[in-house]
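Model, not experiment: these values are computed from the prediction.
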Amino acid sequence: MSIFITIFVIILLIALASTLHKLIPFQFPLPFIQILLGAIVSWPHDGFHVTFDPELFMLLFIPPLLFEDGRKMPLKDFISSGREIASLALVLVFVTVAGLGYLIYYFMPEMSLPVAFALAAVLSPTDAVALSSIVGKGRLSHRLMRVLEGEALMNDASALVSLKFAIAVALGVAALTTTEDYALLSLTFLKMAVGGVIVGIAFSWVYIKLIFYIGKLQGDDVGSQMILLMLLPFGAYAIAELLDLSGILSAVTAGMTVSFSKFFQTTPVQMRLRANSIWGLIEYLLNGAVFLMLGLQIPSIFQETYLDALVDPSTTFTTLIGDIVLIYFALMLLRFLWLLLLRYTSPITPFKKPMVFATMSFKELLILTFSGVRGTVTLAAALSIPLFISTNPDIPFPARYQVIFLAAGIIIMSLITAALVLPLLLRKKRGATEPIAVESIHEEHEVRAEIANAAIEAVEKTAEILNAEQPSEEESERQLFIRQISNHVISEIEQVNHMIQKTEESDAIEVHIRLSAVRAERRKLYELNSKKRISPELYAKLLYEIDLAETLILGRSPIHPN
């Protein structure tokens, strides 16, 4: 019963936060409302409390979110931005762990160097979900968002591997003093990363084959297929973790594999529409629950860890706040300097094409810098630090509560700073135009014209077949249908989801002709997408319109032709 109440309250708070977000007269990021609501309901001594289990959190929340992000990330874009993503998600993480770790150790000598490295590793991963919630859709340019999303998808794994080794060093289980130790660290990271990718590809490939087989057995019943599809990211994550590999990379790779395999192109229209609707709802609920969970933990973190963090006589509340500010700005400065270094060194590298940073303005580098917000993965990583030293259960892990306190403070500060700074940096001058938007409009018009022509050709071919099969008195009526549909495709293709509203009655002949037009449009769209002639965003938009049109046609039909 308590589990049901917990789920009910969290969903209710998500809906309440969205309602408040719409009612507030000024612009206020939704994540802040969700965090504040969570903190308010859990602040009293007898308030609403939810136990935060880091492993359970990582299993329930992270795989589906990363899977969906991976499914939306076009493989072509990911590969084309591979060097940019690797420079931020891999190299920058290790630079941050080393550079920020030594800085923390220098300014906070009461914290040992391995613990300082652990704190730096905890603060390394960025959160694209939090960034999208703060900035909103469409505010960041495509090239910036592509790099940031790719970084957020990949840097969790490198950060958690670094954290694992830092904890091992702090516990005395391992040491990083020789070249062999660092070589072992590199090999372990490669094993976890490459292994996670292989598991994600292999598991999702076999899983998709299973769903196809079940689909052939069940026909139009897509219920069990949808359930299996919902379980895919959890299975990919869990198997990789059981093998001591990166479950995060496994979940991301599984999403990319599903997208690359064109799984949704071969599934029934009903399943495609239902999958988009269900995943949209799951993504909305999980994103809201993530920030609510963060808010629910803040009061207990500050209440329980604050006193423990003050055990050291030199530590006060003022010094803790000062440490949060110092570490955050050091984190941002290190990120900006790294981006600046990439900007000036990329053109002189042996690669034929320099990285995208080489053409970025100073303002865009600042946007990339402050877009590196920290979120719930950072909190989950901090809370995953063990309570006691494994070799001696009576000795607590050194400075654990101080690390958690600082991590929670930096998460909040990064969110607040991003919400204040990014809108200023993204503000456009009055009358300014975005050339990318104009290009996308031209692209959409061209694609719509091509699929409209494909639909008209299909209508004419279908009419010829019907006339040959049934040369009866109904021919004039069919010709009327054909003329109406052809004119409709030409003039109203941009509103294809309303294409069946112009006639009052429909029979099997008309439905057959209309379906041939819609399915010809879909085939042409698949062809254009396979030839890389359209953007992923436009492909998803037009595919949804065509699927919806076919669903409406079948919904009005007295029969369901194949």
For this session: Quick one: do Phe117 and Ile104 satisfy side chain to side chain contact (heavy atoms under 4.5 Å, CB included)? Show the steps, please.
Result: CA-CA 8 Å; Phe117 285 150; Ile104 293 171; over 6 Å; no
Problem set entry | Any donor-acceptor N/O pair, Ser250 side chain to Ala236 backbone, under 3.5 Å | yes
For this session: Report the C-alpha distance between Met256 and Ile201 in whole Å, list the side-chain angles of each, state the deciding distance to 0.1 Å, and finish with yes or no for side chain to side chain contact (heavy atoms under 4.5 Å, CB included).
Result: CA-CA 9 Å; Met256 290 185 173; Ile201 294 174; over 6 Å; no
For this session: To the nearest 0.5 angstrom, please state how far the CD atom of Glu283 sits from the CG atom of Asp69.
Result: 6.0 Å
Problem set entry | Check: Tyr102 ring centre within less than 6.0 Å of Phe107 ring centre | no
For this session: Nearest 0.5 Å please: distance from the CZ atom of Phe260 over to the OG atom of Ser204.
Result: 11.5 Å
Problem set entry | Shortest non-hydrogen separation from Thr253 to Val197 and the atoms involved | CG2-O, 3.5 Å
For this session: Would you give the length of the straight line joining atom CG of Leu366 to atom CG of Leu424, rounded to the nearest 0.5 angstrom?
Result: 11.5 Å
For this session: Kindly indicate whether the side chain of Leu334, heavy atoms from C-beta on, has any atom under 4.5 Å from the side chain of Leu103.
Result: no
Exercise. Any idea which heavy atoms bring Met293 and Phe61 closest together, and the distance?
Worked result: CG-CZ, 4.5 Å
Exercise. Checking Lys191 side chain against Leu245 main chain: does a donor-acceptor pair fall under 3.5 Å?
Worked result: no
Exercise. Looking at Asp323 and Met108, what are the two nearest heavy atoms and their distance?
Worked result: OD2-CE, 3.6 Å
Exercise. Between the main-chain N or O of Leu333 and the side-chain N or O of Trp338, is there a donor-acceptor pair closer than 3.5 Å?
Worked result: no
Problem set entry | Reported CG-to-OG distance for the pair Leu13 and Ser18, which is rounded to 0.5 angstrom | 11.0 Å
Problem set entry | Gap separating the CD1 atom of Ile35 from the CG atom of Leu30, nearest 0.5 angstrom | 10.0 Å
Exercise. Which atoms form the tightest heavy-atom contact between Ala120 and Leu100, and what is the distance?
Worked result: CB-CB, 4.0 Å
For this session: Answer yes or no: is there a donor N or O on one side and an acceptor on the other, between the side chain of Glu364 and the main chain of Ser361, under 3.5 Å?
Result: yes
Problem set entry | side chain to side chain contact (heavy atoms under 4.5 Å, CB included) between Leu59 and Glu241, worked out | CA-CA 10 Å; Leu59 177 61; Glu241 289 294 319; over 6 Å; no
For this session: Check whether any side-chain N or O of Ser81 sits under 3.5 Å from a backbone N or O of Val147 as a donor-acceptor pair, and report yes or no.
Result: no
For this session: Identify the heavy atoms of Thr378 and Pro125 that sit nearest to each other, and give their distance.
Result: OG1-O, 3.7 Å
Exercise. Between Met154 and Leu90, is a side chain to side chain contact (heavy atoms under 4.5 Å, CB included) present by the stated rule, with each step listed?
Worked result: CA-CA 8 Å; Met154 295 292 123; Leu90 298 180; 5.7 Å; no
Exercise. Leu148 and Ser371: which non-hydrogen atoms are nearest, and at how many Å?
Worked result: CD1-CB, 3.6 Å
Exercise. Short question: side chain of Arg71, backbone of Val258 - any donor-acceptor pair under 3.5 Å?
Worked result: no
Exercise. Would you say the side-chain atoms of Gln34 pair up with the backbone N or O of Phe291, donor to acceptor, closer than 3.5 Å?
Worked result: no
Could you go through residues 403-419 and list every donor-acceptor pair under 3.5 Å that involves a side-chain atom there, pairing it with any protein atom two or more places apart or in another chain?
| residue | atom | partner | partner atom | Å |
| --- | --- | --- | --- | --- |
| Ser414 | OG | Arg374 | N | 3.2 |
| Ser414 | OG | Ile410 | O | 3.3 |
| Ser414 | OG | Ile411 | O | 2.8 |
| Thr417 | OG1 | Met413 | O | 2.7 |

Problem set entry | Counterpart residues, ring pair (Phe, Tyr, Trp, His ring centres under 6.0 Å), relative to Tyr207 (two or more places apart) | Phe203
Exercise. Listed by chain and number, what are the side chain to side chain contact (heavy atoms under 4.5 Å, CB included) partners of Leu339, not counting sequence neighbours?
Worked result: Leu88, Arg335, Phe357, Leu365, Leu368, Thr369
For this session: Using the side-chain contact (heavy atoms from CB on, under 4.5 Å) rule, pick out the option among Asn287, Leu37, Val41 that qualifies with Leu292.
Result: Leu37
Exercise. Do the ring centers of Phe234 and Phe67 come within less than 6.0 Å of each other?
Worked result: no
Exercise. Would Asn155 and Thr126 count as having a side-chain donor-acceptor pair, cut-off 3.5 Å?
Worked result: yes
Exercise. What is the distance from atom OG of Ser124 to atom CG of Leu163, rounded to the nearest 0.5 Å?
Worked result: 9.0 Å
